[in-house]
There are 2 protein chains.
Amino acid sequence: MTSRQVRGRNVGRPTLEEVAARAGVGRGTVSRVINGSPRVSEQTRQAVEAAVAELGYVPNTAARALAANRNDAIALVVPEPERRFFAEPYFSEIVHGVGVALAETEIQLLLTFAGGDRQRQRLAHYLAAQRVDGVLLVSVHADDPLPDMLASLDLPAVISGRRSADEPLASVDSDNFAGGRAAVRHLIERGRSTIATITGRLDVYGAQRRLDGYREALTEAGRPVEDGLTAIGDFTEEGGRRAMTELLARRPDLDAVFAGSDVTAAGARQVLREAGRRIPDDVALVGFDDSAVARHMDPPLTSVRQPVEEMGQAMTELLLAEISAVADRRPPASRRMDRQQLVLPTRLVTRQSS
Amino acid sequence: MTSRQVRGRNVGRPTLEEVAARAGVGRGTVSRVINGSPRVSEQTRQAVEAAVAELGYVPNTAARALAANRNDAIALVVPEPERRFFAEPYFSEIVHGVGVALAETEIQLLLTFAGGDRQRQRLAHYLAAQRVDGVLLVSVHADDPLPDMLASLDLPAVISGRRSADEPLASVDSDNFAGGRAAVRHLIERGRSTIATITGRLDVYGAQRRLDGYREALTEAGRPVEDGLTAIGDFTEEGGRRAMTELLARRPDLDAVFAGSDVTAAGARQVLREAGRRIPDDVALVGFDDSAVARHMDPPLTSVRQPVEEMGQAMTELLLAEISAVADRRPPASRRMDRQQLVLPTRLVTRQSS
DNA sequence: ATCACCGGTGGGAGCGCTCCCACCGTACCT
DNA sequence: AGGTACGGTGGGAGCGCTCCCACCGGTGAT
């Protein structure tokens with residue numbers, strides 16, 4: 001571990017003590033004003049605020065973090081390589097939702113990637129070193145050790161997309177099951193007879209639930225669930241292409257595809273077009289996410305809308321609540337008690353592809 | 001400023017002192033081992049490392065930051081709303097390049113947005129509060145106060161895309177001028193006679209330089225530069241549509257368009273298609289960035305490739321160098337001296353759109 | 001008049017680390 | 001033998017803040 005040495009005293013920046021001297025009060029009083037304590041007289045408060053303004057004082061957060069164990073920062077951890085992150089509009093909306101929830105606070109959002117092993121390890125260090133008050137986790141696979149690590153650090157955390165039916169962490173998820181079911185019900189209503197599906201990786205709980213919804217819709221309509229009509233993808237465009245190629249080879253008679261994500265649907269569409277199938281005439285296509293991709297596809301893609309932005313917002317609110325619980329020294333057991341599992345509704349948006 | 005109180009002592013996590021006791025050495029020695037100082041005997045080092053491993057010790061960065069004024073973290077600041085950030089593949093590649101450059105270090109990358117005023121202010125606080133060792137700035141407009149703020153904080157910073165010919169900050173840029181010129185030379189070679197261009201906002205230096213390249217190519221070919229053939233866009237798809245509509249109204253006879261970015265080109269293509277112009281038969285189209293958008297467009301888009309990932313990497317290297325310069329207490333004047341202005345070459349990638 | 005109380009305040013202690021000075025012993029010189 | 005040098009080490013001081021206890025003076029009850 002060869003580590004650069006960044007030294008150099010904090011030159012020029014005013015300290016609490018200097019503000020106190022300037023305002024003619026004690027250190028404690030300035031601290032109280034800075035932190036908005038009510039136990040300060042109006043007059044004193046104004047004197048301190050004037051001194052703060054004159055000196056351009058900004059509290060040193062390292063010192064604050066050390067003394068108070070508070071960081072005023074939360075991390076959004078993405079256990080994916082950067083490329084995936086940017087490729088999927090899902091993340092963009094999550095981030096925006098988080099931003100909305102944070103707008104009224106003084107809390108800074110930090111985005112960190114943990115794609116590779118190296119990055120993963122660095123992140124683990126970073127978190128263990130107490131640099132954030134809480135963690136937002138998105139797109140976590142079932143076998144990821146990260147959540148357990150967070151639990152052992154007793155660091156507040158909220159996960160997007162439960163990893164299983166009994167998620168120990170607080171979580172926010174969309175109703176993937178109902179979404180998948182709605183998509184397939186819709187295809188049935190449109191008179192499609194041979195409905196295939198391209199899933200995400202099935203160790204992702206949401207992907208599994210969408211598949212469950214697909215099956216449920218078929219079953220409740222009295223139709224068989226045929227294995228040959230299910231292809232496993234991975235929510236990427238490339239995966240969509242691969243899966244669609246497989247499906248077409250196995251079941252050239254298919255006339256509808258429910259894709260586990262819009263991006264997957266884009267990949268599938270390419271293959272369908274190359275195979276000379278018209279959409280929706282020959283094959284109806286439904287995606288999931290209702291992202292920009294869906295709107296710009298040709299023809300525009302029917303898709304299941306997840307309230308992604310709201311999910312980001314909800315996650316943040318849960319996290320802030322848990323952070324205050326820690327701050328109020330509520331015992332871990334009690335905090336574990338009311339960890340919420342939020343499930344937000346999905347909605348089918350019909351367009352020309354089906 | 002109502003601020004949550006996050007208290008609760010750092011329970012359970014071992015400290016330097018505990019490691020020292022365990023290893024039977026002094027605090028200083030443990031610190032030396034942790035920081036990779038060579039002035040420790042092999043035997044002692046091993047004893048300390050064993051103690052660190054047994055206790056699962058991780059240095060508290062808040063304490064380190066306070067004592068040493070070192071954060072082992074840099075921020076990538078994006079003065080744009082989140083949506084823009086994700087919409088443009090440019091950023092994704094920058095982030096990836098930064099990741100590559102950081103791979104061998106212990107430095108954590110933090111992504112921060114500063115789109116709105118509120119976010120902007122929070123970021124200013126965050127930076128002033130000394131939470132990072134340096135800042136990477138991307139996509140900065142000429143009138144943005146952020147760079148000056150950084151300068152006044154004496155915080156190492158590197159900017160991507162100079163703001164003007166005499167950029168005071170260290171910067172990394174691609175050769176926008178040569179790129180624009182190459183694009184237009186290519187269109188001329190292809191026998192196009194009426195070549196229009198859609199620029200970005202001209203207060204973005206790079207956009208201006210691309211336009212300069214466009215003009216240069218025309219001039220050196222002995223052709224006039226006609227104002228009616230230039231439309232100002234803003235590097236967005238919507239802007240591309242708007243600009244293309246304008247151009248078509250003004251000069252229905254145009255037979256080629258050089259768009260300032262791929263995304264802009266995508267907008268332009270839509271309008272051209274709606275107007276019944278075939279690409280490349282009626283109108284040749286060239287973009288800039290050579291992003292995924294270019295490859296997936298129909299027809300695939302000829303585009304000027306910027307080495308974006310390399311830019312991210314180069315920026316990071318410059319920043320790390322400047323950070324060590326600060327660490328070595330080199331005086332500000334001397335550091336200003338050798339702030340580099342890197343310009344990386346661009347390359348035309350021809351595809352079916354031209 | 002005495003006391004308890006309470007809003008408001010000052011400042012000591014301490015968070016966990018780095019920096020640096022003082023000190024140890026050994027090796028090598030004169 | 002004494003001196004110098006130097007790799008290796010311990011621990012005090014201090015980074016800038018928060019927390020909390022002690023203390024101040026004024027108010028109202030007894």
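Reckoned from all heavy atoms, side chains included, excluding hydrogens, waters and symmetry mates. Throughout, protein chains are lettered first and strands after them, A, B, ... in sequence-line order, and every chain is numbered starting at 1.
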For the residue pair B:Arg339 and B:Ala170, what are the closest heavy atoms and their distance?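 So the minimum-distance heavy-atom pair works out to CD-N, 3.6 Å.
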Might you point out which heavy atoms bring B:Arg120 and B:Pro79 nearest each other, and give the distance in Å?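 Shortest heavy-atom separation between B:Arg120 and B:Pro79 comes out as NH2-CB, 3.7 Å.
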Which comes earlier along DNA chain C counting from the 5' end, the contact point of A:Val30 or that of B:Ala63, where each point is its nearest nucleotide?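 Going by which nucleotide is closer to the 5' end, it is A:Val30.
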Rounded to whole Å, how long is the line connecting atom [atom1] of [X] with atom [atom2] of [N]?
| X | N | atom1 | atom2 | answer |
| --- | --- | --- | --- | --- |
| A:Asn71 | D:dC17 | CG | C1' | 13 Å |
| A:Asn69 | D:dG16 | CG | C1' | 16 Å |
| A:Arg45 | C:dG7 | CZ | P | 15 Å |
| B:Arg13 | C:dC17 | CZ | C1' | 16 Å |
| B:Asn35 | C:dC20 | CG | C1' | 14 Å |
| B:Leu16 | C:dC19 | CG | C1' | 13 Å |
| B:Ile34 | C:dT18 | CD1 | C1' | 12 Å |
| B:Asp133 | C:dT18 | CG | P | 14 Å |

For nucleotides 5-7 of chain D, print each protein N/O atom paired with a nucleotide N/O atom at under 3.5 Å, atom names and distance only.
none

May I ask you to verify if any side-chain N or O of [X] is less than 4.0 angstrom from the OP1 or OP2 atom of [N]?
| X | N | answer |
| --- | --- | --- |
| B:Ser41 | D:dT9 | yes |
| A:Thr29 | C:dG10 | yes |
| B:Thr61 | C:dC17 | no |
| B:Arg64 | C:dT18 | yes |

Nucleotide nearest [X] when distance is taken to its side chain, options [options]:
| X | options | result |
| --- | --- | --- |
| A:Arg27 | C:dC15, C:dG16, C:dG12 | C:dG12 |
| B:Asn60 | C:dG16, C:dG8, D:dT18 | C:dG16 |
| A:Leu66 | C:dC17, C:dG16, D:dC17 | C:dG16 |
| A:Arg32 | D:dC17, D:dG8, C:dG11 | C:dG11 |
| B:Thr15 | C:dG10, C:dC19, C:dG16 | C:dG16 |

Criterion side chain to side chain contact (heavy atoms under 4.5 Å, CB included) against A:Val30, the qualifying member of A:Thr15, A:Asn35, A:Val25, A:Val40: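 It is A:Val25, the one option of A:Thr15, A:Asn35, A:Val25, A:Val40 that forms the side chain to side chain contact (heavy atoms under 4.5 Å, CB included) with A:Val30.
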Worked check of side-chain contact (heavy atoms from CB on, under 4.5 Å) between A:Ile107 and A:Leu320: CA-CA 10 Å; A:Ile107 298 170; A:Leu320 294 185; 3.5 Å; yes
Is the shortest side-chain N to carboxylate O distance from B:Asp144 to B:Arg163 below 4.0 Å?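 Between B:Arg163 and B:Asp144 there is no salt bridge, as every charged N stays at least 4.0 Å from the carboxylate O atoms.
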Residues which pass salt bridge (Lys or Arg N to Asp or Glu O under 4.0 Å) with B:Arg27, listed by chain and number, not counting sequence neighbours: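 With neighbours one apart ignored, the set is empty.
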Yes or no on side-chain contact (heavy atoms from CB on, under 4.5 Å) for B:Asn71 and A:Arg131, after CA distance, side-chain angles and deciding distance? CA-CA 10 Å; B:Asn71 286 289; A:Arg131 302 202 53 152; 3.6 Å; yes
Is the CG atom of B:Asp143 crowded by more than 12 outside heavy atoms at less than 6.0 Å?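 Yes, enclosed.
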Should the heavy atoms of other residues, nucleotides or ligands under 6.0 Å from CD of B:Gln121 be counted, would the total exceed 12?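 Open.
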Would you please test B:Asp154 and B:Arg335 for side-chain contact (heavy atoms from CB on, under 4.5 Å) and show each step? CA-CA 10 Å; B:Asp154 196 33; B:Arg335 283 187 272 125; 3.2 Å; yes
Bend angle of the helix from C:dA1-D:dT30 to C:dT30-D:dA1, from helix axes over five pairs at each end, nearest 10°: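 Result, rounded to 10 degrees: 50°.
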Which part of the nucleic acid does B:Thr44 contact within heavy-atom distance under 4.0 Å: base, sugar-phosphate only, or nothing?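 Sugar-phosphate contact only - B:Thr44 comes under 4.0 Å of backbone atoms but never of a base.
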